[in-house]
Amino acid sequence: MSPSKVKKSKPSAKAQAILRQKYHVCDMALAAKGKDRILWADHDMPVLAMIRERFAREKPLRGKRMSACLHVTAETANLMRTLKAGGADLVLVASNPLSTQDDVAASLVKDFGVRTYSIKGEDRDTYYAHLDAAMRHEPMITMDDGADLVHGLHTTHTRFAKGIIASLEETTTGVIRLRALERQGQLTLPVFAVNDAETKHLFDNRYGTGQSTLDGIIRATDVLIAGRTVVVAGYGWCGKGFAMRAKGHGADVVITEVNPVRAIEARMDGFRVMTMAQAAPIGDIFCTVTGNMHVIRPEHFAKMKDHAIVCNSGHFDIELDLKGLGKLAKKVEKNVVAFVDRYTLPSGNRIMVIAEGRLVNLGAAHGHPASVMDMSFATQALTSEFAIKNAKKLTVTVHDVPRAIEEYIANMKLMTMGAKIDKLTPDQKKYLSSWTMGT
Ligand code: ADE
């Protein structure tokens with residue numbers, strides 16, 4: 001949910017009914033299908049599986065209450081299995097109302113005993129009731145994808161903050177919010193910027209978002225990418241990944257940016273760079289990945305071609321000004337095909353919006369593939385173990401993931417890929433630690 005939508009009032013009757021339940025999923029009859037998908041994904045998550053085997057033996061999370069607010073996918077299910085194998089007492093809730101895989105949620109409850117509260121398409125009240133359930137679990141460790149739990153621990157649920165050992169954050173947007181909290185001197189608990197680990201953002205944000213964003217657009221629209229002008233707003237790791245994959249499909253890729261250094265990078269990577277006002281009339285497909293609000297506004301929509309496709313792959317649903325588009329349009333038709341709304345402008349031009357401006361890769365597709373989530377979630381699992389082992393020493397600040405964890409994960413991933421790398425010779429080590437040799 002977007003940051004402006006905090007709800008502080010007493011739980012509604014519907015929310016109270018949800019809170020009385022041990023879990024809340026769409027349909028338990030979907031569990032068998034979910035289990036199949038979880039186990040298939042597991043095959044592509046070998047590093048996490050190795051950690052799970054060790055956790056099962058050593059139980060480093062024994063008795064620790066944990067609440068996770070993540071996209072409820074087959075990959076997340078394998079992270080939950082790992083934490084549970086380590087002895088954690090878990091609650092899982094959705095970090096986005098559209099990203100839940102209902103079969104996976106059912107299987108997590110039925111086959112893996114994880115208390116899960118998440119339903120694809122859940123409304124605002126249900127979303128917040130689920131977050132509330134995660135807080136009332138009185139977690140010692142939280143995992144967020146977008147900082148909703150940490151936000152709650154600093155606003156509506158401050159009473160639960162004192163029991164927290166650490167909070168772990170999965171995404172760029174969440175880390176930006178946590179660093180803002182720290183800068184303003186208002187952070188009350190230790191947090192780990194898991195997103196900023198190289199084993200996370202270099203692969204998940206770039207290759208994961210790159211592929212899954214394209215996947216969401218194609219699944220929803222069946223559009224041919226080759227020969228189209230694809231406008232990518234934002235050239236961070238996610239924007240880079242998506243631009244690279246769109247180019248690979250034969251698109252003419254245009255980048256819009258506010259950061260001059262990133263804009264040069266985009267130019268030297270071979271893309272055209274221009275403003276959104278210049279891109280609006282020439283684009284066929286638009287995708288925002290900036291982490292900022294109202295990147296595409298009514299003045300841009302008004303200039304777009306008939307049947308322009310517009311979507312967002314940034315964390316929150318604030319990058320497209322869809323309220324503004326709704327006011328501009330003379331007709332709005334919901335779900336003309338699954339996950340696509342059609343806005344007809346006074347000019348007669350139609351704008352096709354995917355997944356209501358929410359994450360297109362999780363709303364209209366299945367998110368990042370398992371083999372990339374393997375590294376992200378291995379980083380989460382090992383960082384939670386580190387936080388518990390070092391609980392007494394953690395300062396109230398935004399921590400980086402320890403380098404040793406990143407190196408371990410990178411080495412394990414390489415090994416499972418069957419790739420070997422060279423080792424430094426003693427002379428090379430000496431050279432790298434000297435400032436006089438070879439000059
Ligand atoms: N974020 C992006 N893709 C994801 C996935 N497959 N599972 C969990 N979180 C994700």
Side-chain angles (χ1 to χ4, degrees), residues 34 36-45 47-49 67-83 90 92-105 107-108 112 114 116 118 120 142-149 168-175 194-197 199-217 219 236-242 245 287-289 291 311-317 354-355 358-381 383-384:
D36 251 6
R37 291 190 42 242
I38 293 168
L39 297 182
W40 188 4
D42 194 42
H43 184 73
D44 258 351
M45 304 180 86
V47 179
L48 190 63
S67 292
C69 176
L70 300 170
H71 300 296
V72 178
T73 65
E75 293 74 28
T76 299
N78 285 316
L79 172 61
M80 294 302 113
R81 291 174 62 204
T82 305
L83 302 176
L90 279 174
L92 171 66
V93 302
S95 60
N96 181 298
L98 267 194
S99 62
T100 296
Q101 296 168 6
D102 287 322
D103 52 352
V104 166
S107 175
L108 271 167
F112 300 107
V114 176
T116 304
S118 80
K120 188 170 176 93
T142 64
M143 271 179 198
D144 260 321
D145 189 323
D148 275 351
L149 290 178
L168 281 49
E169 175 52 53
E170 169 77 4
T171 200
T172 315
T173 298
V175 171
V194 172
N195 175 76
D196 293 2
T199 42
K200 199 280 181 181
H201 69 264
L202 287 184
F203 306 98
D204 172 315
N205 299 25
R206 181 167 34 174
Y207 303 105
T209 306
Q211 178 169 318
S212 61
T213 299
L214 200 58
D215 183 17
I217 294 170
R219 283 197 209 196
W237 289 112
C238 295
K240 284 185 179 75
F242 176 53
R245 292 299 178 240
C287 184
T288 51
V289 256
C311 62
N312 165 54
S313 206
H315 184 78
F316 286 121
D317 60 340
I354 313 177
R358 298 192 189 282
L359 284 162
V360 65
N361 58 341
L362 283 141
H366 279 162
H368 305 352
S371 59
V372 84
M373 295 312 295
D374 187 25
M375 281 187 284
S376 308
F377 285 163
T379 313
Q380 287 279 13
T383 305
S384 65

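Whatever order the structure lists them in is the order used to number ligands and atoms, beginning at 1.
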Which residue holds the protein heavy atom closest to atom 1 (N) of ligand 1, what is that atom called, and what is the gap in Å?
His71 CD2, 3.6 Å
Taking 4.0 angstrom as the limit and counting only heavy atoms of Thr76, give me the atoms of ligand 1 inside it, by number and element.
7 (N), 8 (C)
State, without any angle test, whether Asn205 and Asn195 hold a side-chain donor-acceptor pair at a distance under 3.5 Å.
yes
Do the side-chain N and O atoms of Ser99 and His71 include a donor-acceptor pair separated by under 3.5 angstrom?
yes
Below 4.0 angstrom from a heavy atom of Phe377, which ligand 1 atoms are there? Numbered from 1 as shown, please.
8 (C)
Any heavy-atom pair between the side chains of Leu79 and Leu70 that's under 4.5 Å?
yes
Please confirm whether the backbone N or O of Trp40 pairs with a side-chain atom of Asp36, one donor and one acceptor, at under 3.5 Å?
no
Would you check whether His368 has a nitrogen or oxygen atom less than 3.5 angstrom from a nitrogen or oxygen atom of ligand 1?
yes
Does ligand 1 have any atom that is closer than 4.0 Å to a heavy atom of His366?
yes
OG1 of Thr209 to NE2 of His368: how many Å apart, nearest 0.5 Å?
3.5 Å
Distance-only N or O hit between ligand 1 and Glu75, under 3.5 Å:
yes
Contact check, Leu362 vs ligand 1, heavy-atom distance below 4.0 Å
yes
How far is atom 5 (C) of ligand 1 from the closest protein heavy atom, and which atom is that?
Thr73 OG1, 3.6 Å
Cut-off 3.5 Å, side chains only: do Thr379 and Thr199 have a donor facing an acceptor?
yes
